Amino acid sequence: MIPYGKQEISQEDIDLVNEVLRSDFLTQGPMVAKFESAVAEKCDVKYAVAVNSATAALHLACLALGVKTGDYVWTTPITFVATANCAIYCGAEVDFVDIDPKTYNLSTEQLRIKLEKAEIEGKLPKVLIPVHLAGQSCDMKKIHELSLKYGFKIIEDASHAIGGKYFDEKIGNCKYSDITVFSFHPVKIITTGEGGMVLTNRKDLYEKVYRLRSHGITRAAHEMTHSPDGPWYYQQLELGYNYRITDIQAALGVSQLARLDEFVSKRHEIANNYNEMLKDKDIIIPYQSPENYSAYHLYIIRLDLKKNRFTHREIFERFRSDGILVNLHYIPVYRQPFYEKMGFQPKDFPEAEKYYSEAISIPIYPSLTLEEQKKIVYRLVTPIGHQTIF
Ligand SMILES: *Cc1c(COP(=O)(O)O)cnc(C)c1O
């Protein structure tokens with residue numbers, strides 16, 4: 001069986017996790033802080049707070065930016081549901097901006113049009129959450145420019161994109177956003193089992209996310225309403241959560257992070273192989289804009305439905321019956337029954353709809369062998385009997 005994505009665990013990873021298991025701290029020990037500073041340094045950002053998932057990271061990011069009932073949060077429909085759910089957790093309303101037909105990221109042109117309209121209606125978003133789909137950065141310069149004009153905040157959902165670059169700068173540096181979020185789920189670029197991170201250059205946001213990760217509690221005297229009653233003292237300043245990550249997980253993160261560049265370059269090697277093998281076929285290979293260096297979390301192809309004789313679904317079934325677990329990232333979020341109820345209409349998102357009818361994520365992860373890559377391509381482009389798919 002070949003999954004679409006898979007973690008890569010080394011003996012060093014196991015050794016470091018083992019060390020934590022034998023130490024004094026399983027959680028809230030030195031590894032979490034070590035992981036945070038290692039990621040912050042790697043991504044050229046001032047502050048990082050590790051949490052137990054990217055979903056938690058998105059929730060805390062929204063709370064830190066003050067998202068609440070009556071606010072609007074916008075994102076792309078081609079993402080995992082967590083990107084939209086975080087706004088609902090805060091009582092806000094979600095809306096979607098259609099995607100760019102080339103990059104499949106949120107379209108900045110559609111964003112501009114939607115903002116113009118929202119300004120007239122008095123319904124401007126408080127926060128926009130662009131998602132760097134497959135690991136390729138959105139057009140952050142343009143998005144940032146629009147944020148200054150219309151006054152919204154930006155959370156980059158970079159769950160796919162640690163290790164990627166935008167104009168030669170690290171994704172995660174928050175140059176064009178308030179906050180960036182990473183996921184460390186096993187299918188992502190590096191893993192901690194479950195895990196996520198919030199990155200920011202703003203001290204106020206950092207302190208708020210840090211407190212909210214653990215019940216809204218502070219032990220820092222300068223954040224308290226009065227001087228501490230004694231050495232035991234702490235204060236709960238607001239309503240937070242238990243979104244802490246363990247030292248066991250953070251150890252895995254520290255060890256994995258050391259191989260981040262290696263993982264990403266292996267993913268590039270596989271993507272280049274696919275590009276080469278698929279270039280003369282009637283398949284749309286992933287467009288890479290010149291300002292980007294993708295982390296290649298996903299390799300998404302699109303079928304030309306006019307040219308092939310099999311349906312999208314038949315091609316999925318053919319792969320799956322061969323043990324190749326291709327996937328579709330993603331079902332447009334507005335199509336989920338939970339969101340459908342809110343009145344979204346597929347016709348309002350023609351590019352996302354077209355994408356949904358054509359896209360397939362074929363396997364990509366560091367240990368995917370050349371033989372497996374060839375087998376996958378073979379399944380895609382070779383004849384069945386005397387018929388040819390493409
Ligand atoms: C994986 C993912 C998430 C959620 O990550 P978890 O760590 O599983 O909570 C959010 N957004 C995107 C785009 C993702 O791919």
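Atoms within a ligand are numbered from 1 in the order they appear, just like the ligands themselves. Computed over heavy atoms, backbone and side chain alike; hydrogens, waters and symmetry mates excluded. None of these values were measured; they are calculated from a predicted model.
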- N/O of Asp157 under 3.5 Å from N/O of ligand 1, yes or no? yes

- Query: Does any N/O atom on Phe184 come nearer than 3.5 Å to any N/O atom on ligand 1?
  - Reply: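 For ligand 1, there is no N or O atom that lies under 3.5 Å from one belonging to Phe184.
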
Looking at [Y], is its backbone amide N or carbonyl O close enough to the side chain of [X] to form a donor-acceptor pair, meaning the two atoms are under 3.5 Å apart?
X: Glu12; Y: Ser255; value: no
X: Asn292; Y: Ser294; value: no
X: Arg112; Y: Leu146; value: no
X: His297; Y: Ala161; value: no
X: Glu194; Y: Asn52; value: no

- Query: Quick one: nearest non-hydrogen protein atom to atom 15 (O) of ligand 1, plus distance?
  - Reply: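 The protein heavy atom lying closest is His160 NE2, 2.7 Å.
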
- atom 9 (O) of ligand 1 - nearest protein heavy atom and its distance: Thr55 OG1, 2.5 Å

- Message: Would Ser107 and Glu351 count as a side chain to side chain contact (heavy atoms under 4.5 Å, CB included) here? Give the steps.
- Response: CA-CA 10 Å; Ser107 156; Glu351 290 300 337; over 6 Å; no

- Can a non-hydrogen atom of Tyr330 be found less than 4.0 Å from any atom of ligand 1? yes

Taking 4.0 angstrom as the limit and counting only heavy atoms of [X], give me the atoms of ligand 1 inside it, by number and element.
X: Thr83; answer: 11 (N)
X: Thr79; answer: 13 (C)
X: Val131; answer: 13 (C)
X: Ala54; answer: 4 (C), 5 (O), 6 (P), 7 (O), 9 (O)
X: Gly195; answer: 7 (O)
X: Ser159; answer: 2 (C), 3 (C), 10 (C), 11 (N), 12 (C), 13 (C), 14 (C), 15 (O)

- Ala161, Ser183, Ala158: member with heavy atom nearest to atom 7 (O) of ligand 1: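 Answer by nearest heavy atom: Ser183.
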
- Message: Nearest non-hydrogen contact with atom 1 (C) of ligand 1 belongs to which option: Lys188, His185, His329?
- Response: Lys188

- Item | Side-chain ion pair, Glu207 and Lys203, N-O less than 4.0 Å |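 Salt bridge between Glu207 and Lys203, a charged N being under 4.0 Å from a carboxylate O: yes.
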
- Are His132 and Tyr166 close enough that their ring centers fall under 6.0 Å?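 Ring centres of Tyr166 and His132 not closer than 6.0 Å.
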
- Does CD in Glu314 sit with more than 12 non-hydrogen atoms of other residues, nucleotides or ligands closer than 6.0 Å?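 Yes, the 6.0 Å shell around CD holds more than 12 heavy atoms from other groups.
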
